[in-house]
Every structure is written in structure tokens, then in C-alpha cells.
S.K.: 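Below is a structure I'd like to ask you about.
Values below: all heavy atoms of this structure, side chains included; hydrogens, waters and symmetry mates excluded.
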Amino acid sequence: MTISVSDTALHGHLLPILGAFHSTHPGIHLRILTHSTPQAIQVLKNRLVHFAVVTTPSNIKPPLKETCLKSFQEILIGGKHYSFLKDTPHHLSELIQYPFVCLGKDTVTYEFYSNLLLKYDLVFKPDIEVASTNQLMPMIKNDLGIGFIPERFAKEALENGEVFSIPLEEPIPRRSICLVENTSRCLSIAANALKQMILSPEF
């Protein structure tokens, strides 16, 4: 069974489900492909994977179908060099002068923040683009720029004082982790079992 997952979806929701599934069905071989959301949607369209678990916005069209699993909030953080920004709320227009770290242009995260800043007549030009969510925190900790990151991913570094939350005047819309299926393809018994576990309210 082959599934495609985005980095945020994998670490933000899917890993414990995969662990539970593997314990329940130890004989089923799992192939996990890590893609950006647009890449995951493309391989799903091409019927190369059984389904995908990605982050919004996914911009899907039939025969693809999306089911939201959980929402998450992203926050803006900076390292010690930018700790002076933590005390008062800032407008995005004030912060655009500082270097930003973000996922690359081929990701929906980049698209999401480009569109968000465009609402305020701002152009999003990150100084550093990284390939995965896991690379954001080390870059921000080492003062290479400020960046948006899922709140739960930043929790430990915030508690340890390695990074600081930068309050904003403008709200950042919540995003979602979702299951995307190609309704033109029938799932195998194993793939359907994993799908049902992913959709279970237990997780």
C-alpha cells in the first residue's frame, strides 16, 4: 500500500495512526512518500498512490475528494536575535522588512502566505526557502530569519526560550490537515482499513 503525505500532515497528525495501524496489521507493507501538497495531489491524480494526507489549501477538483481531519494554527516566531519583536503586536507591513524563512515555492504554505500578504498589498519574498517543515525550526533558532510554523511544532522551543512568538495585529487563518482520495479508484482492503483508522474520531 502506497500513500503520499505532506511533512506537516505526517508529523502533525499521521505518525501515531501509522503506528497503531502497523501494530494491528504487522503483515501489511506500507510505502510512505513525502511530498508537498501539490506533488501529492498530482501523484494521486496519476493513480500512483492509494490516497494522500496533506495540508490545505489543496485546491482539488473532482474526481478528487477531500475530508478534513483536524485544524491547526500557525504562529510567527523568531530566534533570540529577534526577541525584541515579542513584546507588542506588529502589523505584517512592519515585519516584511525582516528576513523570512519559509517552505519553497512549490508548496501550499508558500502559496498561503503569498496570498495572505497580498490581501494587505504586500509581496512575500522569503530570504530562505527550505524543503521541509523540519528544517524551519533550526533555521529560525539560528537567527536566519523569522517564520511561520505550526504552533504545536514550536511548543518545546518556545518553552525553552530558544525562540519567541511574535504577536500580530492581523489574524492568521487556521489551516487543516485533510485526507484526499481519488474517487475514480477503488481502494484495496488494506488501504481502506488504513483510511478508516485515519477517519476514526479516536485520533
S.K.: Do F148 and I75 come close enough that some side-chain heavy atom pair is under 4.5 Å?
M.R.: no
S.K.: Going by ring-ring contact (aromatic ring centres under 6.0 Å, His included), name the residues that satisfy it together with Y110, two or more places apart in sequence or in a different chain.
M.R.: F124
S.K.: Do the side chains of V54 and F112 join up, straight or via other hydrophobic residues, at under 4.5 Å, putting them in one cluster?
M.R.: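 No, V54 does not connect to F112 through the hydrophobic network.
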S.K.: How would you list all residue pairs meeting side-chain hydrogen bond (donor to acceptor under 3.5 Å, both in side chains) that involve residues 114-132, not counting sequence neighbours?
M.R.: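 Found none.
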S.K.: With a 4.5 Å cut-off on side-chain heavy-atom distances among I, L, V, M, F, W and Y, is there a chain of contacts connecting V49 to L187?
M.R.: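 V49 and L187: separate clusters.
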S.K.: Check whether any side-chain heavy atom of E111 lies under 4.5 Å from a side-chain heavy atom of N59, and answer yes or no.
M.R.: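 They are in side-chain contact.
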S.K.: Please determine whether residues I149 and L168 belong to a single hydrophobic cluster, defined as Ile, Leu, Val, Met, Phe, Trp and Tyr linked transitively by side-chain heavy-atom distances below 4.5 Å.
M.R.: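 Different clusters.
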S.K.: Where do P171 and L116 come nearest, in terms of heavy atoms and distance?
M.R.: O-CD1, 4.4 Å
S.K.: Scan residues 64-77 for pairs that pass side-chain hydrogen bond (donor to acceptor under 3.5 Å, both in side chains), counting only residues two or more places apart or in two chains.
M.R.: S58-E66, S71-R174, E74-Y113, E74-R175
S.K.: Which ILVMFWY residues are connected to I189, directly or by a chain of links, through side-chain heavy atoms under 4.5 Å apart?
M.R.: none
S.K.: Name every donor-acceptor pair, under 3.5 Å, that has one atom in a side chain of residues 15-32 and the other anywhere in the protein, sequence neighbours excluded.
M.R.:
unit_1 : atom_1 : unit_2 : atom_2 : d
S23    : OG     : G19    : O      : 3.1
T24    : OG1    : A20    : O      : 2.9

S.K.: Using atom types as modelled, flag every donor-acceptor pair under 3.5 Å from a side chain in residues 157-166 to any protein atom, sequence neighbours excluded.
M.R.:
unit_1 : atom_1 : unit_2 : atom_2 : d
E159   : OE2    : K155   : NZ     : 2.7
N160   : ND2    : E156   : O      : 3.3

S.K.: With a cut-off of 3.5 Å and sequence neighbours excluded, list every side-chain donor-acceptor pair involving residues 92-104.
M.R.:
unit_1 : atom_1 : unit_2 : atom_2 : d
E94    : OE1    : H90    : ND1    : 3.4
E94    : OE2    : H91    : N      : 2.9
Q97    : NE2    : E94    : O      : 2.9

S.K.: Once salt bridge (charged side-chain N to carboxylate O under 4.0 Å, His left out) is applied, do any residues pair with E181, and if so which ones, sequence neighbours excluded?
M.R.: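 Applying salt bridge (charged side-chain N to carboxylate O under 4.0 Å, His left out) to E181 gives K195.
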S.K.: Hey, is the main chain of T56 close enough, under 3.5 Å, to the side chain of S176 for a donor-acceptor pair?
M.R.: no
S.K.: Mind checking what makes side chain to side chain contact (heavy atoms under 4.5 Å, CB included) contact with P89, not counting sequence neighbours?
M.R.: P167, E169
S.K.: Using the test side chain to side chain contact (heavy atoms under 4.5 Å, CB included), find all partners of N142 that sit at least two apart in sequence or belong to another chain.
M.R.: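 For N142, no residue satisfies side chain to side chain contact (heavy atoms under 4.5 Å, CB included) once neighbours in sequence are set aside.
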S.K.: Donor-acceptor pairs under 3.5 angstrom involving side-chain atoms of residues 2-10: please list them, not counting sequence neighbours.
M.R.:
unit_1 : atom_1 : unit_2 : atom_2 : d
S4     : OG     : H35    : ND1    : 2.7
S6     : OG     : A9     : N      : 3.3
D7     : OD2    : T133   : N      : 2.8
D7     : OD2    : N134   : N      : 3.3
T8     : OG1    : T133   : OG1    : 2.9

S.K.: Would you say S200's side chain and F203's backbone share a donor-acceptor pair under 3.5 angstrom?
M.R.: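 Absent.
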S.K.: Quick one: pull up CG in L76 and NZ in K86 and give me the separation to the nearest 0.5 Å.
M.R.: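 The distance works out to 14.5 Å.
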S.K.: Can you tell me how far apart OG1 (T37) and CD1 (I177) are? Round to the nearest 0.5 Å.
M.R.: 10.0 Å
S.K.: Let me check something: do M139 and F153 share a hydrophobic cluster, defined by ILVMFWY side-chain heavy atoms less than 4.5 Å apart, either directly or through other members?
M.R.: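 In one cluster: yes.
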S.K.: Looking at side-chain heavy atoms only, is the closest gap between L199 and L179 below 4.5 Å?
M.R.: yes
S.K.: Taking L64's backbone N and O only, do any of them form a donor-acceptor pair with T183's side chain (distance below 3.5 Å, no angle check)?
M.R.: no
S.K.: Distance check, rounded to the nearest 0.5 Å: H81 atom NE2 versus I146 atom CD1?
M.R.: 10.5 Å
S.K.: In chain order, what residues pass the salt bridge (charged side-chain N to carboxylate O under 4.0 Å, His left out) check against K45, with sequence neighbours excluded?
M.R.: none
S.K.: Do you know the tightest heavy-atom contact between H50 and S188?
M.R.: NE2-OG, 3.9 Å
S.K.: State yes or no: do L136 and F72 share one hydrophobic cluster built from I, L, V, M, F, W and Y residues joined by side-chain heavy-atom distances below 4.5 Å, directly or via other members?
M.R.: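 No, L136 and F72 fall in different hydrophobic clusters.
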S.K.: Is there side-chain contact between V53 and I198, with heavy atoms separated by less than 4.5 Å?
M.R.: yes
S.K.: Among N46, N182, V180, which residue satisfies the side chain to side chain contact (heavy atoms under 4.5 Å, CB included) criterion with I41?
M.R.: V180
S.K.: Ignoring hydrogens and angles, tell me if any N or O in the side chain of Q39 forms a donor-acceptor pair with the backbone of S36 under 3.5 Å.
M.R.: yes
